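Because the structure is a prediction, the values reported are computed rather than measured.
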Amino acid sequence: MKRWTHPQDALPLVAGIYAALSPIWTTTTTRATTTMIVLGAISALAAVAELVRPDLIPLEGLTAIIGVAFIVAPWVMGFSGTRPMAWTAWIVGAVTFLVGAADLQVTRMHHRDGTATTP
C-alpha cells in the first residue's frame with residue numbers, strides 16, 4: 001500500500017485532534033482534560049504514522065486499542081459523571097475503534113493476498 005492512500009486513517013486523526021482540543025469547549029474536570037489530551041495526542045500520532053506506513057498491522061491494532069481506551073476512560077479515570085466529556089470520549093472511542101478494527105482487517109487481507117507493498 002502506498003503512503004497517504006488510506007483516507008480512512010484521517011478519521012482517527014481528526015477524532016484525536018478533536019479529543020485533544022475538546023476541553024476548550026466542553027464541560028470538564030482536570031482528570032478528564034488530562035486524559036482527553038493524552039489519548040487524543042496518541043491517537044493523532046498513531047493516525048499520522050498509519051498514513052505514512054499503511055501496511056503496518058501493529059499500527060491498526062494500536063488504533064483499535066486506543067479506541068477501547070477512550071471508551072473505558074470515563075469510568076477508569078472517574079469522569080463518567082461529567083456527561084459532556086464522557087460522551088466525547090465514548091464517541092471518539094467508538095470511531096477510533098471501528099476504524100482501527102476495520103483497517104486491521106483490510107491490511108491483513110492485503111498481506112494475505114500479497115498485494116501489500118512498502119513505500
Side-chain angles (χ1 to χ4, degrees):
M1 289 179 255
K2 295 182 182 178
R3 290 181 182 179
W4 309 105
T5 59
H6 262 191
Q8 68 271 22
D9 291 332
L11 280 173
L13 175 62
V14 171
I17 292 169
Y18 181 86
L21 297 176
S22 66
I24 295 171
W25 57 78
T26 308
T27 305
T28 188
T29 64
T30 303
R31 245 186 205 186
T33 298
T34 303
T35 302
M36 295 301 280
I37 290 171
V38 169
L39 286 177
I42 292 170
S43 177
L45 289 172
V48 168
E50 280 187 68
L51 285 166
V52 172
R53 290 295 308 267
D55 58 336
L56 294 179
I57 290 176
L59 288 174
E60 280 89 11
L62 176 63
T63 301
I65 290 169
I66 293 168
V68 172
F70 269 117
I71 292 168
V72 300
W75 294 292
V76 172
M77 299 305 291
F79 64 92
S80 61
T82 309
R83 291 289 182 206
M85 193 54 78
W87 275 103
T88 300
W90 293 327
I91 292 168
V92 167
V95 167
T96 304
F97 173 75
L98 291 173
V99 171
D103 207 13
L104 182 61
Q105 293 304 314
V106 169
T107 302
R108 281 185 178 174
M109 286 180 9
H110 281 281
H111 279 276
R112 240 184 265 135
D113 296 344
T115 58
T117 60
T118 55

**Q** Taking Leu51 as the starting point, is it possible to reach Leu62 by hopping between hydrophobic residues whose side chains are less than 4.5 Å apart?
**A**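 Cluster IDs for Leu62 and Leu51 match.
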**Q** Report, one line per pair, each donor and acceptor closer than 3.5 Å where one atom sits in a side chain of residues 12-30; sequence neighbours left out.
**A**
residue : atom : partner : partner atom : Å
Tyr18   : OH   : Trp25   : NE1          : 3.4
Ser22   : OG   : Ala19   : O            : 2.8
Thr26   : OG1  : Ser22   : O            : 2.9
Thr28   : OG1  : Thr33   : N            : 3.4
Thr28   : OG1  : Thr33   : OG1          : 3.0
Thr29   : OG1  : Ala32   : N            : 3.2

**Q** How close do Ala73 and Thr35 get, heavy atom to heavy atom, and via which atoms?
**A**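 Closest pair (atom of Ala73, atom of Thr35, distance): CB-CG2, 3.8 Å.
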**Q** Would you say Leu39 and Leu45 are hydrophobically clustered, going by side-chain heavy atoms of ILVMFWY under 4.5 Å?
**A**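 No, separate clusters.
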**Q** Is there a path of hydrophobic side-chain contacts, each under 4.5 Å between heavy atoms, that joins Trp87 and Phe70?
**A**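 Hydrophobic grouping puts Trp87 apart from Phe70.
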**Q** Taking distance alone, no hydrogens or angles, what donor-acceptor pairs closer than 3.5 Å link side-chain atoms of residues 88-95 to residues at least two apart or in another chain?
**A**
residue : atom : partner : partner atom : Å
Thr88   : OG1  : Pro84   : O            : 2.9
Trp90   : NE1  : Ile71   : O            : 3.1

**Q** Who are the side-chain contact (heavy atoms from CB on, under 4.5 Å) partners of Val38, not counting sequence neighbours?
**A**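 Once residues adjacent in sequence are excluded, the partners of Val38 under the side-chain contact (heavy atoms from CB on, under 4.5 Å) criterion are Thr34, Ile42.
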**Q** Could you grab the distance from atom CG of Leu11 to atom OG1 of Thr63, nearest 0.5 Å is fine?
**A**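 Reported value, rounded in 0.5 Å steps: 11.5 Å.
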**Q** Minimum heavy-atom separation for Glu50 to Asp103, with atom names?
**A**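 In terms of heavy atoms, the two residues are closest at OE1-OD2, 2.9 Å.
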**Q** I'd like to check the side-chain hydrogen bond (donor to acceptor under 3.5 Å, both in side chains) partners of Ser43; sequence neighbours left out, ordered by chain and number.
**A**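 Ser43 satisfies side-chain hydrogen bond (donor to acceptor under 3.5 Å, both in side chains) with no residue once adjacent residues are dropped.
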**Q** Looking at Met77 and Arg31, what are the two nearest heavy atoms and their distance?
**A**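 Where Met77 meets Arg31 most closely, the heavy atoms are O-CD, 2.9 Å.
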**Q** Determine which pairs satisfy ring pair (Phe, Tyr, Trp, His ring centres under 6.0 Å) with at least one residue from residues 29-68, sequence neighbours left out, and list them in order.
**A**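 For residues 29-68: none.
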**Q** Is there any side-chain hydrogen bond (donor to acceptor under 3.5 Å, both in side chains) pair reaching into residues 65-84, and which pairs are they, with sequence neighbours excluded?
**A**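 Applying side-chain hydrogen bond (donor to acceptor under 3.5 Å, both in side chains) to every pair that reaches into residues 65-84, excluding sequence neighbours, yields nothing.
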